[in-house]
Amino acid sequence: MTPCTLLRETAACFRQAGIPDAETDSALLLSSLCGRPPLELRLDTDSELDEKLLSAFHALTKRRLSREPLQYITGEAPFFGLVFRVDPRVLIPRPETELLCEWALECLEEVPSPRILDLCCGSGCIGLSLSARRPDAAVTLSDLSADALAVAAENADRLALKVHLRQGDLAEGLPDASFDMVVSNPPYIPSSQCPHLQPEVLREPRLALDGGTDGCDLYRRIVPDVRRILRPGGYLLMELGWEESDIVAGLLKGHSFSSVTVRDDFNGIHRMIYAVCTPPEELCSRN
Ligand code: GLN
């Protein structure tokens, strides 16, 4: 059987099973096995695939048909021009989160050797992407989950990026005013919605998704915590869940953050928020 025929048949089968991106996923699965580019495989009507490869491919398609996410099967996810190792211990990096990284880099343009904290780092995709683009930065990756941190450590190693890793509950134990920027993509799905997520998302760690009753529990804890560990004038950038921007903007203003700004994602959803840790002198002049 040729790659072209195999991929056509597999895509049809995926489509019938209701798998989104059937063509792309089937080509990426085959590509992960034989190391050839997905598009080349889709166009290859000549070469014959051997039995060993076919049976290995069949095993992978079975996993995908059970709605295991593609990235857990191949073990990797592209993000911000890098490739990250992922497995069920961490959330799969999303394209929206790349926008948060871009915004973070914009904010840091004028800051020499910035000290950056990626809070709830998961795979480490945010902090490691920033470290790759700003070699002068001192980046800390932090997560509550030791499992997630192990994946982040592996990613740091593979990408040859020197970062500091710490396990802990948000900012607990971190020194006052020790960062120029805190960036975070915390869990933000309302608990009641968690059981109804797409089958693939249900394979991701609940700890990385569940944001409590209204999805905003983590923001309620992060905002006051981060105020303490940011230097005056430092930046907080966070990803947001659907329709959470008003609540989070209110929290930030309530904790004396200034310049609160929201940006949309590719779908026009208020997806991320920025705020500056107001310096004490400005706080005084406001009163
Ligand atoms: N920071 C990681 C990401 O953006 C993990 C986020 C999380 O676990 N909530 O993918």
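For ligands, and for the atoms within them, numbers begin at 1 and follow the listed sequence.
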Checklist entry - Numbering the atoms of ligand 1 from 1, which are under 4.0 Å from a heavy atom of Pro186? => result 9 (N)
Checklist entry - For atom 2 (C) of ligand 1, which of Cys121, Ser129, Pro93 has the closest heavy atom? => result Cys121
Checklist entry - Which option, Thr97, Ile189, Asn185, owns the non-hydrogen atom nearest atom 9 (N) of ligand 1? => result Asn185
Next on the checklist: Any non-hydrogen side-chain atom of Arg133 less than 4.5 Å from a side-chain atom of Phe80?
Outcome noted: yes
Checklist entry - Judged by non-hydrogen atoms, does Ser123 sit under 4.0 Å from ligand 1? => result no
Checklist outcome for this item: Here the atoms of ligand 1 under 4.0 Å from any heavy atom belonging to Gly122 are 5 (C)
Next on the checklist: Please check this pair: side chain of Arg94 against backbone of Ile92, looking for a donor-acceptor N/O pair closer than 3.5 Å.
Outcome noted: yes
Next on the checklist: Please work out, at 4.0 Å between heavy atoms, whether the side chain, the backbone, both, or neither of Ala208 comes within that distance of ligand 1.
Outcome noted: both
Checklist entry - Does any N or O atom in Ile126 lie less than 3.5 angstrom from one in ligand 1, N or O only? => result no
Next on the checklist: Run the salt bridge (charged side-chain N to carboxylate O under 4.0 Å, His left out) test on Glu200 and Arg63 for me, step by step, so that the C-alpha distance in whole Å, both residues' side-chain angles and the decisive distance to 0.1 Å come before the verdict.
Outcome noted: CA-CA 11 Å; Glu200 283 81 0; Arg63 287 171 65 182; over 6 Å; no
Next on the checklist: Taking Leu251's backbone N and O only, do any of them form a donor-acceptor pair with His255's side chain (distance below 3.5 Å, no angle check)?
Outcome noted: yes
Checklist entry - Side-chain contact, heavy-atom cut-off 4.5 Å: Leu141 with Arg166? => result no
Checklist entry - Is a side-chain donor or acceptor of Asp265 paired with a backbone partner of Glu96 at a separation under 3.5 angstrom? => result no
Checklist entry - Is there any N or O on Cys125 that sits under 3.5 Å from an N or O of ligand 1? => result no
Item to check | Ser184 and ligand 1 - part of the residue with a heavy-atom distance under 4.0 Å | outcome: neither
Checklist entry - Quick one: which ligand 1 atoms are inside 4.0 Å of a heavy atom on Pro187? => result 9 (N)
Item to check | Salt bridge present between Asp136 and Arg134 (N-O < 4.0 angstrom) | outcome: yes
